[in-house]
Amino acid sequence: MALKTRFTDLVGIEHPIVQGGMMWVGRAELAAAVSNAGGLGILTALTQPTPDDLRREIDRCRTMTDKPFGVNLTILPSVNPPPYAEYRRAIIDSGVTIVETAGHKPQEHVEDLKAHDVIVIHKCTAVRHALSAERMGVDAISIDGFECAGHPGEDDIPGLILIPAAADRLKIPMIASGGFGDGRGLAAALALGADGINMGTRFCATVEAPIHQNVKQFLVDNDERGTNLIFRKFHNTGRVAKNSVSDQVVAISARDGAVFQDIQPLVSGAKGRIALETGDLEAGLVWAGQIQGLIHDIPTCEALIARIVADAQAIISGRLNAMLTADLVAA
């Protein structure tokens, strides 16, 4: 039995579970595996070096799945920004029907995507930003709590508050991001008002994730304390796994008068890619969330999604329903 929600209806998937767009990780192997298992797989546009490479990756994903999948387009302020409009055109021309946007001033992209009948899921970290995106015309929100890997924003609001706060205000479907990795989390997210969950770090610790086994085992071995918050001083907070590199970043940033250029050599995306691909855990940053404390194995995506859904169903129809039944009997 599937868990049917507004979000599963919107994007045409079986289970309300989305694989987050992750730099260097959101490739065809992983996205197709998640989609084939009944979730929504997501390719990461900027992992591909050019828009034409993205076109080829979309085509490659289609050879691996006939189920719905999407593409993440994250817009970040930069001195030398990538050609976002060209990546967006590659997505549209390739016939992709689901896009996850995130980041800075997405309106131009949202308007163009919607003009081409693309379903847009916007990922954000605050209720006010979610409402702005809803007014902009997006179809769904992915609300990202403080527990997440990546950029949790500057408000430090955990999911237990952020999810219902967003659910109280939004009219469109919403999925919950940050701190999700098992059936308990899915059941909790649904209870808090979400229409599904988004998982990033948890999908990194799967057989199909295109990263080194050392990194997958690193996520299993870590606990919920195994992260560092970086870039706080520069008002662009990021949550990453705790390793020697992120420890150095925290220490250098704490110095009086520290500027971003002091840590820039340590935090380059190229070094993070080396860590993911070679398994050298001290080569660069490894982006990971507090959910590490609940990751205990490295299953296939199919096994993971099946387990999460089965556990959530058991909690909803078994444990919680039994409490309600007991209460009625007592009355």
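Worth knowing before you read on, the calculation uses all heavy atoms, side chains too, and leaves out hydrogens, waters and symmetry mates. Predicted model, so just to flag it, every value in this text is computed and none were measured.
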Query - Nearest-0.5 Å distance, CD1 of residue Ile163 to CG of residue Leu190 - result: 10.0 Å
Query raised in the report: With the 4.5 Å side-chain cut-off for hydrophobic clustering, are Ile121 and Leu3 part of the same group?
Result: no
Report task. Tell me, yes or no, whether the heavy-atom count around Arg56 atom CZ, taken from other residues, nucleotides or ligands under 6.0 Å, exceeds 12. Result -> yes
**Report entry** Which atom of Gly21 lies closest to which atom of Asn72, heavy atoms considered
**Finding:** CA-CB, 3.9 Å
Query - Residue pair Leu76, Leu46: steps toward the side-chain contact (heavy atoms from CB on, under 4.5 Å) verdict - result: CA-CA 11 Å; Leu76 297 175; Leu46 298 183; over 6 Å; no
**Report entry** Any His109 side-chain heavy atom under 4.5 Å of Met136 side chain
**Finding:** no
Query raised in the report: Under 4.5 Å between any side-chain heavy atoms of Met22 and Leu30, yes or no?
Result: yes
Query raised in the report: With hydrophobic residues grouped by side-chain heavy-atom distances under 4.5 Å, do Ile42 and Leu304 end up in a single group?
Result: no
Query raised in the report: Atom OG1 of Thr44 and atom CH2 of Trp24: how far apart are they, to the nearest 0.5 Å?
Result: 10.0 Å
Report summary line: Heavy atoms of Asn198 and Gly20 approach each other most closely as OD1-CA, 3.4 Å
Report summary line: Distance col, row Arg232:CZ vs Asn236:CG, nearest 0.5 angstrom, shows 10.5 Å
Query raised in the report: Quick one: do Lys233 and Asp262 make a salt bridge, cutoff under 4.0 Å?
Result: no
Query - Over 12 foreign heavy atoms within 6.0 Å of CZ, Arg169 - result: no
Report summary line: Scanning both residues in full, the closest heavy-atom pair of Asp297 with Val220 reads O-CG2, 3.8 Å
Query raised in the report: Val259, Val249: one ILVMFWY side-chain cluster at the under-4.5 Å cut-off?
Result: no
Query - Audit row: Thr97, Asp117, side-chain contact (heavy atoms from CB on, under 4.5 Å) steps and yes/no - result: CA-CA 7 Å; Thr97 59; Asp117 298 321; over 6 Å; no
Query - Flag, side chain of Asp139 to backbone of Val120, donor-acceptor distance under 3.5 Å - result: yes
Query - Between SG on residue Cys301 and CD1 on residue Ile17, distance to nearest 0.5 Å - result: 10.5 Å
**Report entry** Side-chain donor/acceptor of Lys216 to backbone N/O of Ala209, under 3.5 Å
**Finding:** yes
Query raised in the report: Are Phe260 and Val267 close enough, and set up right, to give a side-chain contact (heavy atoms from CB on, under 4.5 Å), and what steps lead you there?
Result: CA-CA 10 Å; Phe260 183 76; Val267 302; 4.0 Å; yes
Requested in this report: Using the six-membered ring wherever Trp is involved, compare the ring planes of His151 and Trp287 and label them parallel, tilted or perpendicular (cut-offs 30° and 60°).
Outcome: tilted
Report task. For the residue pair Asn36 and Thr65, confirm or rule out a side-chain donor-acceptor distance under 3.5 Å. Result -> yes
Requested in this report: Spell out, yes or no, whether Phe146 and Ile197 are grouped together once hydrophobic residues are joined by side-chain heavy atoms under 4.5 Å, including indirect joins.
Outcome: no
Query raised in the report: Does the side chain of Leu186 come within less than 4.5 Å of Pro16's, by heavy atoms?
Result: yes
Report task. Walk me through it: do Leu113 and Thr101 pass the test side-chain contact (heavy atoms from CB on, under 4.5 Å)? Result -> CA-CA 10 Å; Leu113 292 165; Thr101 56; 4.1 Å; yes
Query raised in the report: Within the side chain of Asn214, is there an N or O that forms a donor-acceptor pair under 3.5 Å with the backbone of Gly279?
Result: yes
Query raised in the report: Is there a chain of hydrophobic side chains (I, L, V, M, F, W, Y, each step under 4.5 Å between heavy atoms) that links Leu276 to Val207?
Result: no
**Report entry** Test item: Gln292 and Arg225 side chains (from C-beta on) under 4.5 Å apart, heavy atoms
**Finding:** no
Query raised in the report: Do the side chains of Arg89 and His116 get nearer than 4.5 Å, heavy atoms only?
Result: yes
Report summary line: Output for pair (Ile98 CD1, Ile91 CD1), nearest 0.5 Å, gives 12.5 Å
Report task. Enter the distance from Leu131:CG to His129:NE2 here, rounded to the nearest 0.5 Å. Result -> 10.5 Å
Query raised in the report: Is the backbone of Glu57 close enough, under 3.5 Å, to the side chain of Gln48 for a donor and an acceptor to pair up by distance?
Result: no
Query raised in the report: Would you call Ser177 and Cys148 a side-chain contact if the rule is heavy atoms closer than 4.5 Å?
Result: no
Query - Asp144 side chain vs Thr125 backbone, donor-acceptor pair below 3.5 Å - result: no
**Report entry** Greater than 12 external heavy atoms within 6.0 Å of Arg184's CZ
**Finding:** no
Query raised in the report: Tyr84 side chain to Leu73 main-chain N or O, any donor-acceptor pair under 3.5 Å?
Result: no
**Report entry** Lys271 (side chain) donor-acceptor with Pro265 (main chain) under 3.5 angstrom
**Finding:** yes
Query raised in the report: Name the one of Lys242, Glu147, Gln290, Arg239 that satisfies side-chain hydrogen bond (donor to acceptor under 3.5 Å, both in side chains) with Thr227?
Result: Arg239
Requested in this report: State whether the side chain of Thr8 and the backbone N or O of Lys4 hold a donor-acceptor pair below 3.5 Å, judged by distance alone.
Outcome: no
Report task. Consider only side-chain N and O atoms of Asn243 and Ser246, and report whether a donor and an acceptor are under 3.5 Å apart. Result -> yes
Query raised in the report: Is the backbone N or O of Leu170 less than 3.5 Å from a side-chain atom of Glu134, with the two atoms forming a donor-acceptor pair by type?
Result: no
**Report entry** Heavy atoms of other groups near Gln248 CD, more than 12 under 6.0 Å
**Finding:** yes
Query - Which atom of Pro68 lies closest to which atom of Leu40, heavy atoms considered - result: O-CD1, 3.7 Å
Query - Heavy-atom side-chain proximity of Cys204 to Ile211 below 4.5 angstrom - result: yes
Requested in this report: Give a yes or no answer on whether the side chain of Lys67 reaches the backbone of Gly39 with a donor-acceptor pair at less than 3.5 Å.
Outcome: no
Query raised in the report: Would you call Gln213 and Ile298 a side-chain contact if the rule is heavy atoms closer than 4.5 Å?
Result: yes
Report summary line: Closest non-hydrogen contact found for Ala126 with Leu162 is CA-CD1, 4.3 Å
Report task. Check step by step if salt bridge (Lys or Arg N to Asp or Glu O under 4.0 Å) holds for Asp52 and Arg55. Result -> CA-CA 5 Å; Asp52 282 340; Arg55 287 182 173 92; 2.9 Å; yes
Requested in this report: Determine the minimum heavy-atom distance between Gly153 and Thr237, stating which atoms define it.
Outcome: O-CB, 3.8 Å
